[in-house]
Amino acid sequence: MLDAKMIRANPDAVEAALRNRNMPGALDNFLELDEQRRSLLGQVEEIKKFRNQASQEVGKLKKQGLDAAELMEKVRLVGQEIKELDEKLNLIESGIEKILLNIPNIPHESVPVGEDESSNQEMRLWGEPRKFDFEPLAHWDIGPNLDILDFERAAKLSGARFTVYKGWGARLERAVINFFLDTHSKHGYQEIFPPFMVTADCMRGTGQLPKFADDMFKIEGRDMYMVPTAEVPLTNLYREEILEERDLPLYMTAYTACFRAEAGSHGRDTRGIIRQHQFNKVELVKIVAAENSYDELEKLTLDAERVLQLLGLPYRVILLSSGDMGFSSAKTYDLEVWMPSYNEYKEISSCSNCEDFQARRANIRYRPGSKEKIRYVHTLNGSGVAAGRTVAAILENYQQKDGSVLVPEVLRPYMGGLERIEK
RNA sequence: GGAGAGAUGGCCGAGUUGGCUGAAGGCGCUCGCCUGCUAAGCGAGUAUACGGCUAAUACCUGUAUCGAGGGUUCGAAUCCCUCUCUCUCCGCCA
């Protein structure tokens with residue numbers, strides 16, 4: 001959520017930034033409503049002031065044993081007026097809130113302006129795609145061949161876009177998750193194991209609601225949702241709190257299953273485990289003071305990159321353009337891992353600085369110094385990284401001519417020492 | 001699922017015969033004093049949001065806020081209703 005005062009002071013700049021995000025007109029009639037609100041607020045407050053003074057007067061008169069009937073009647077009539085104005089005001093304020101909740105974050109000045117992914121910038125490249133001396137298979141063939149991924153039986157259980165992992169496949173998924181958590185814990189992130197279902201308030205706090213309700217799985221009969229990412233529970237852990245400066249920065253990491261309805265994406269990545277309704281992910285979340293949030297974004301991205309490096313998976317880092325960024329983000333780096341089956345790099349992590357956008361929605365603040373005013377924190381999040389896509393990348397990048405798959409060295413301790421998955 | 005207790009400021013905790021109570025007291029924190037240092041002690045200060053005024057996110061000023069929403073009343077932290085959450089006991093359950 002943007003600061004209403006900021007919009008009021010720089011409407012043109014905000015409008016321009018929203019155009020860059022392909023959201024022209026998102027400001028809607030905010031300015032008119034805001035103007036109406038302030039004038040109405042002035043009126044009601046004036047009347048309330050009178051009521052407060054008059055009521056006190058009534059108290060005094062009664063205490064002296066004097067007649068206060070006339071004044072009481074006057075205040076009673078004014079009460080009607082207050083009620084009507086308050087209702088009008090509530091209507092306007094909910095209109096303003098609706099607009100504000102649907103406005104995306106403003107891109108940081110370092111973000112390239114562009115309509116879509118064609119304006120993204122490649123920041124760096126790590127590793128080199130392997131040259132195969134045989135025709136490499138896609139993971140959706142390797143998995144069933146080794147009997148470690150079972151798409152057909154998964155469909156029997158849950159329909160399309162679900163996968164059953166079996167045997168060493170199941171073990172590999174778990175190994176990857178544990179390796180991620182251990183690595184991030186070692187680098188200062190506190191491990192958290194949150195609920196997989198959260199309230200609508202949480203979803204509003206991180207920006208999934210109200211705009212993206214269709215992307216999520218809602219719990220029947222409850223105001224709750226399956227988490228689409230651990231970013232939601234982790235960031236909302238400190239919702240409605242005032243933190244002390246010494247508490248910051250907070251670094252957290254968590255494994256959760258992630259649940260996404262992904263309405264509208266049907267037809268993309270239909271094969272394999274790239275796009276699923278349920279997938280596993282280890283997330284990184286930081287809650288920091290405003291001054292260092294961009295340094296923290298660089299460090300968080302490097303923390304996410306580290307696990308790919310340790311796994312020996314080639315990847316690149318992409319700076320997303322203004323038109324390609326997520327709703328809550330002010331600046332996002334995507335990590336893309338090399339996938340031989342696609343013969344291109346495929347998103348495996350997204351690292352964002354949301355600045356105070358989520359903090360405003362979730363009301364997460366901190367006390368900078370003893371004398372200074374309370375301020376909103378900055379929140380950051382990044383996948384560290386998606387487990388399912390990592391398993392797919394391992395299967396494809398580590399496949400051998402005989403159909404077996406080498407286990408990356410760092411994962412072997414998590415696989416009972418296994419060096420190679422074979423039939 | 002059944003029965004009961006509770007929800008107050010950064011934290012703890014008063015206040016429930018309705019009326020200067022935005023809210024006692026304590027802790028914490030800040031500034032100052034004091035004492036070789038530290039600890040202790042003394043004094044002062046210390047909520048948030050949204051308006052108005054303003055160059056100001058500084059003063060000053062107004063309104064709102066005692067879990068949330070609604071009601072009664074001239075006036076509600078205090079009375080009534082609904083909801084949410086927490087705790088205790090019973091049942092059920094991994």
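Hydrogens, waters and symmetry mates play no part in the numbers below; they use all other heavy atoms, side chains included. Letters go in sequence order (proteins before strands), and every chain restarts at 1.
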Say we look at C29(B) and G71(B): how far apart would their P atoms be, to the nearest angstrom? 44 Å
Whichever of Met72(A) and Glu46(A) has the more 5' nearest nucleotide on RNA chain B, that residue is Glu46(A)
Ser118(A) and Asp116(A): side chain donor to acceptor below 3.5 Å: yes
Checking Ser322(A) side chain against Asn20(A) main chain: does a donor-acceptor pair fall under 3.5 Å? yes
Check whether the side chains of Thr163(A) and Gln276(A) place a donor and an acceptor atom closer than 3.5 Å, and report yes or no. yes
Expressed as a whole number of angstroms, how long is the span from Arg239(A):CZ to C85(B):P? 13 Å
Taking the P atom in each of G41(B) and G51(B), what is the distance between them to the nearest angstrom? 44 Å
Taken to the nearest whole Å, CD/Glu45(A) to P/A64(B) is 8 Å
Taken to the nearest whole Å, CD/Gln43(A) to C1'/G62(B) is 15 Å
Provide the distance between the two P atoms, one in C80(B) and one in U72(B), to the nearest whole Å. 15 Å
G70(B) versus A77(B) - spacing of their P atoms, nearest Å: 15 Å
Check: protein-nucleotides 19-24 of chain B nitrogen or oxygen pairs below 3.5 Å:
residue: G19(B); atom: N2; partner: Ser55(A); partner atom: O; Å: 2.7

Does any donor atom in the side chain of Glu191(A) or Thr253(A) lie under 3.5 Å from an acceptor atom in the other side chain? no
Mind checking Leu243(A) for me? I need base, sugar-phosphate or nothing, with any heavy atom below 4.0 Å counting as a touch. nothing
Ignoring hydrogens and angles, state whether a donor on the side chain of Tyr366(A) or Arg375(A) is under 3.5 Å from an acceptor on the partner side chain. yes
Is Arg37(A) close enough to G51(B) that one of its side-chain N or O atoms is under 4.0 Å from OP1 or OP2 there? yes
To the nearest angstrom, the CG-P distance between Asn90(A) and U63(B) comes to 18 Å
Closest approach to the side chain of Lys49(A), judged atom by atom: which nucleotide of U63(B), A49(B), C74(B) is it? U63(B)
So what's the dot-bracket for RNA chain B: Watson-Crick or G-U pairs under 3.5 Å, [ ] if a pair crosses, | if it pairs off-strand? ((((((((.[[[..)...(.....]]]((((((.......))))))((((((.......)))))).[[[[[..)....]]]]])))))))....
Find the distance Ile92(A):CD1 to G51(B):P and express it as a whole number of Å. 13 Å
So, does Lys423(A) use its side chain to make a donor-acceptor pair with the main chain of Asn145(A) at under 3.5 Å? yes
Arg21(A) side chain to Met325(A) backbone, donor-acceptor under 3.5 Å: yes
Could you measure between the two P atoms, the one in G75(B) and the one in U82(B), and give it in whole Å? 23 Å
Atom P, compared across G43(B) and U48(B): separation rounded to whole Å: 25 Å
With heavy atoms under 4.0 Å as the rule, sort Arg375(A) into base, sugar-phosphate or nothing. nothing
Nearest-nucleotide check on RNA chain B, Leu41(A) vs Lys83(A); residue mapping nearer the 5' end is Leu41(A)
Flag side-chain contact, heavy atom, 4.5 Å: Arg389(A) against Val385(A): no
Have Ser352(A) and Asn381(A) got a donor and an acceptor in their side chains that come within less than 3.5 Å? no
Just checking Arg222(A): base, sugar-phosphate only, or nothing, at a heavy-atom cut-off of under 4.0 Å? nothing
Can you check whether Lys48(A) has a side-chain N or O nearer than 4.0 Å to OP1 or OP2 of U65(B)? no
Does a side-chain N or O of Asn52(A) approach OP1 or OP2 of A64(B) to a distance below 4.0 Å, or not? yes
Between U63(B) (C1') and Glu93(A) (CD): distance, integer Å: 12 Å
Whole-Å distance, Ile374(A) CD1 to C50(B) P, equals 12 Å
Taking CG from Asp247(A) and P from C29(B), how many angstroms apart are they, rounded to a whole number? 14 Å
G22(B) and A76(B): how far apart are their C1' atoms, nearest whole angstrom? 14 Å
How far, in whole Å, is G62(B) from U73(B) if one measures between their C1' atoms? 24 Å
Do Phe259(A) and Tyr225(A) make the cut of ring centroids closer than 6.0 angstrom? no
Applying a 4.0 Å non-hydrogen cut-off, can you work out what Leu71(A) is touching in the nucleic acid: base, sugar-phosphate, or nothing? nothing
Is there a side-chain contact between Arg38(A) and the phosphate of C50(B), meaning an N or O under 4.0 Å from OP1 or OP2? no
Count the heavy atoms of every other residue, nucleotide or ligand shown that sit under 6.0 Å from NZ of Lys218(A), and state whether that count exceeds 12. yes
